[in-house]
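The figures here come from the full heavy-atom set of this structure, side chains too, leaving out hydrogens, waters and symmetry mates. As the structure is a computational prediction, the values presented were derived from the model and not from experiment.
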Amino acid sequence: MTKQTLARWLAALGLELALVGAPALAQGAPAPTPSPTAPAASPAERASSDVHQRQLHYAQREAASPRAADFKGNGAGIYIGGSTLAVVLVIVLIVVLL
């Protein structure tokens with residue numbers, strides 16, 4: 001088995017694994033039925049309510065730890081997220097396989 005054949009086989013396997021849940025995702029979740037007693041809120045009202053809830057939550061967290069206001073960063077830092085790690089992993093695998 002050559003490297004090229006192995007790479008094609010692994011790519012096909014990866015594609016198959018990625019598409020296993022595609023039928024379930026295509027159907028989606030059933031739409032919730034609105035209750036007849038609750039008035040329907042507009043999307044803008046729901047969004048403003050969510051923002052208000054988050055602001056209250058953050059205010060409570062800030063009040064719970066007053067020393068957080070004194071935090072000073074210690075200079076520059078590098079953040080490597082999950083997507084960056086995934087891209088690096090794919091590149092390393094391609095280099096190793098070829």
Side-chain angles (χ1 to χ4, degrees):
M1 184 178 282
T2 65
K3 286 184 182 181
Q4 190 174 23
T5 305
L6 182 62
R8 285 184 184 160
W9 184 80
L10 287 174
L13 180 64
L15 183 60
E16 289 174 13
L17 290 175
L19 295 177
V20 164
L25 291 175
Q27 290 176 352
T33 57
S35 67
T37 58
S42 70
E45 290 173 350
R46 283 192 301 254
S48 67
S49 174
D50 291 343
V51 169
H52 183 67
Q53 290 291 336
R54 277 189 257 148
Q55 288 174 344
L56 287 175
H57 179 67
Y58 291 140
Q60 290 171 349
R61 287 176 52 193
E62 187 175 354
S65 63
R67 290 186 43 200
D70 297 335
F71 176 75
K72 304 261 188 301
N74 61 349
I78 297 175
Y79 175 74
I80 299 176
S83 59
T84 304
L85 289 175
V87 169
V88 169
L89 179 64
V90 167
I91 291 172
V92 168
L93 285 174
I94 289 173
V95 168
V96 168
L97 290 175
L98 299 178

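L89 belongs to a hydrophobic cluster with L93, counting contacts under 4.5 Å between side-chain heavy atoms of Ile, Leu, Val, Met, Phe, Trp and Tyr, direct or through other members. Through direct or indirect side-chain contacts shorter than 4.5 Å among Ile, Leu, Val, Met, Phe, Trp and Tyr, Y58 is connected to no other residue. Side-chain contacts under 4.5 Å among hydrophobic residues (ILVMFWY), followed directly or transitively, place L98 together with V90, I94.
Partners of L85 under the side chain to side chain contact (heavy atoms under 4.5 Å, CB included) rule, at least two apart in sequence or in another chain, are I80. Judged as a side chain to side chain contact (heavy atoms under 4.5 Å, CB included), and not counting sequence neighbours, the contacts of V96 are V92.
To the nearest 0.5 Å, atom CD of residue Q60 and atom CD of residue E62 are 11.5 Å apart.
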